[in-house]
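By convention in this document, chain letters (A, B, ...) are assigned in the order of the sequence lines, proteins followed by strands, and residues within each chain are numbered from 1.
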Number of protein chains: 2
Amino acid sequence: MISSKRTPTINDVATRAGVSKKTVSRVINSSPMLKPQTREKVEKVIAELGYVPNPQARALALRRNFVLGLLYDNPNAQTILNFQQGVLDAIRDTEFALVVRPVDRHSPDMLDDIRDFLEKQRPAGVMILPPISENDAIAELCLEQGCGYVRMGSAEFDEPHRLVESNDGEAVGWAVDHLVEQGHRRIALIEGPEGFRSALERRRGFLEGLDRHGIAHDPGLVAKGAYTFESGKAAARALFDRDPRPTAIFACNDEMAAGALHVASERGIAVPRDLSLIGFDDSPTAAHMWPPLTTVSWPITRMANAAAMKLIAPATPEAKPFKFDSSLVQRSSVAPPQKP
Amino acid sequence: MISSKRTPTINDVATRAGVSKKTVSRVINSSPMLKPQTREKVEKVIAELGYVPNPQARALALRRNFVLGLLYDNPNAQTILNFQQGVLDAIRDTEFALVVRPVDRHSPDMLDDIRDFLEKQRPAGVMILPPISENDAIAELCLEQGCGYVRMGSAEFDEPHRLVESNDGEAVGWAVDHLVEQGHRRIALIEGPEGFRSALERRRGFLEGLDRHGIAHDPGLVAKGAYTFESGKAAARALFDRDPRPTAIFACNDEMAAGALHVASERGIAVPRDLSLIGFDDSPTAAHMWPPLTTVSWPITRMANAAAMKLIAPATPEAKPFKFDSSLVQRSSVAPPQKP
DNA sequence: TTGTACGCGTTATCAT
DNA sequence: ATGATAACGCGTACAA
């Protein structure tokens, strides 16, 4: 009789089924060469005992830890959570677990932090979110630690099989198209912070969009931001102080768009009557603002899913880069400009 | 010479330091009975080799997995992320990792899902967030699986050492006090969904607050909500249809308050001039709304920290329940009512 | 104070 | 097709 207090091990199953440990192991790992009859017998005992393989022991024997790490430093909670959801969908019904690790990109020992994480958890792979995904030192660190990784980003800054890409620039172009179609010509940009690849890409998409419609680039209509609410407010103030005022603003994320909306409310500038506004991210609050914000939706959950799959599946060498399309979701913050 | 390709093990350290494994093990676990000289020698070799103990092997030998699980089903992203942050602060510099597990409380196999998680990951303990923290079946499941747990909640529904509590009801009372001090008497409530303990507690705090000020309870001024933006809109519509309209609304979370604000904007009801509004959660968007929302701040990060500590530290039997105070953060959505 | 021998639960090697 | 035996890296009795 097996002790009922202890959780059953592979040995318990083996003795009870009258086979060897290795045979049980073969059943668990669904090895092809097994007499169906033996397999059934073992499977029956597994069910009886409620045996579940111990992942720690597996990890030790396989020299592989069934853990996926998520590395991020992102102020946008919903983005992180959506990403987590995508990963969790991918690892459902696998033995993988998701362990999260926020880091501080402004801290001098961010790299030590990450190294510490990799050494302690030894994840099978990590997924790195923007903006720190653009940091090559982190990628090198992973390589050095023998840890797989996938970087999420808006440009090709790594080998295809280590990258899941979004087409930020293109999507921003569509936003510009939409504004121009409504009749806007004096369109301002609230940029993301310097050094962010995504900010660069979005800016590029914006300028190319303007160019496509034969609109000259006015440097005075570009305001620096930092992807934060406050920076959006500051940028909007600068923009609103200009004369003539822009009739439309594209903000490089929803949070800055929210800041701009805030300042517009303060100054009695009605959106969309006096000003059209488009954001980027389609964060949940975008729909909750007044007016509901037109914004670029980023397929973060599907990207996360793809990233996790890449890490779980044996890396196909000729794997193509995954690239996901963003899209413009139209709500109520855009209207034709007022005739002067 | 140790192979430079393989990550060093305790054996490498032992042979190089000229001691036994056990001695190295003692150094790692800072056993008291060691000659300082031996300790130093071993520590030197550890540093030289860059040795890091393998947590999987430790877990196997100790029959203890250094993993903390987070179980939740909560629509509010920021709450989850703040909680994660609190846990991560607690486990920083420990060997614990945080693995997250969202579940669907409406799914019939939520319990099987959780059981699966516990069996596969065998976490040292799990932290359970509202609203599923109120589900006793989950707690029993943990016990049955030999897994520690801590439940977060707004009432005492478990033993003190398995609970981290917030004083939702009291805090809502303070919000009512604030409204009454400003001169409001016709104060409405947008409730949380039925079956949520937090909703119950907040309602209780609201009614007791009214009572304290001698204001009769008008059932027509209580609208059902579901902690979602849309439900907040619906509830606000019902409230605004009443005559006379309430001069103030307390919404049981910020998301519903955002919905109410939305409807107010639609109907041209100016906040705070025509209507005062208070939310609950102090989610980041509360500060980004127009006007910035006065709300109850819930110390979720500190609660998370405490919960993780409880799980990490050997459970002191006489541990007192942790109870954390929420507080009212005043912004711009409250003003004295208009004289009729 | 330190070392020896063995156990933790699993997989891999090499037999049979 | 299956089994004996040795890893994997670390902790604990128990001995020295």
Would you say A:Ser25 reaches C:dT10's phosphate, i.e. side-chain N/O to OP1/OP2 under 4.0 Å? no

B:Asn29 side chain N/O closer than 4.0 Å to the phosphate oxygens (OP1, OP2) of D:dG11? yes

Let me know the distance between NZ of B:Lys41 and P of C:dT1, rounded to the nearest Å. 15 Å

What's the CD-P distance between A:Glu40 and D:dA1, to the nearest Å? 16 Å

Spacing of B:Asn54 atom CG relative to C:dG9 atom P, expressed in whole Å: 17 Å

Under 4.0 Å, counting only non-hydrogen atoms across every strand here, what does B:Pro53 touch: a base, just sugar-phosphate, or nothing? sugar-phosphate

Using a cut-off of less than 4.0 Å, is there contact between a side-chain N or O of B:Thr38 and OP1 or OP2 of C:dT2? yes

Whole-Å gap separating P (D:dG9) and NZ (B:Lys21): 10 Å

Does any donor atom in the side chain of A:Ser31 or A:Asn29 lie under 3.5 Å from an acceptor atom in the other side chain? no

Going by heavy atoms closer than 4.0 Å, what residues in residues 58-68 of chain B are next to DNA chain C? B:Leu60, B:Ala61

Rounded to whole Å, CD of A:Glu95 lies from C1' of C:dT11 at a distance of 12 Å

Tell me whether B:Gln37 at atom CD has more than 12 heavy atoms from other residues, nucleotides or ligands lying less than 6.0 Å away. no

Has the side chain of A:Arg151 got a donor or acceptor atom that lies under 3.5 Å from a matching backbone atom of A:Ser133? yes

Could you tell me how far apart B:Gln56 (CD) and D:dC10 (P) are, to the nearest whole angstrom? 10 Å

Side chains of A:Leu71 and A:Tyr149: closer than 4.5 Å at any heavy-atom pair? no

By nearest-heavy-atom nucleotide on DNA chain C, the more 5' of A:Arg26 and B:Val19 is B:Val19

Base of D:dA4, side chain of A:Lys22 - is there a donor-acceptor contact under 3.5 Å? no

Could you check whether A:Tyr227 and A:Ser198, counting side-chain N and O atoms only, form a donor-acceptor pair closer than 3.5 Å? yes

Phosphate-side-chain proximity, B:Ser20 and C:dG3, N/O vs OP1/OP2 below 4.0 Å: yes

A:Asp12 (side chain) donor-acceptor with A:Thr9 (main chain) under 3.5 angstrom: yes

Rounded to whole Å, how long is the line connecting atom CD of A:Glu119 with atom P of D:dG9? 15 Å

Rounded to whole angstroms, how far apart are NZ on A:Lys120 and P on D:dC10? 15 Å

Pairs of donor and acceptor atoms involving the side chains of residues 59-70 of chain A, under 3.5 Å and at least two apart or interchain, shall be tabulated with distances.
unit_1  : atom_1 : unit_2   : atom_2 : d
A:Asn65 : ND2    : A:Gln121 : O      : 2.8

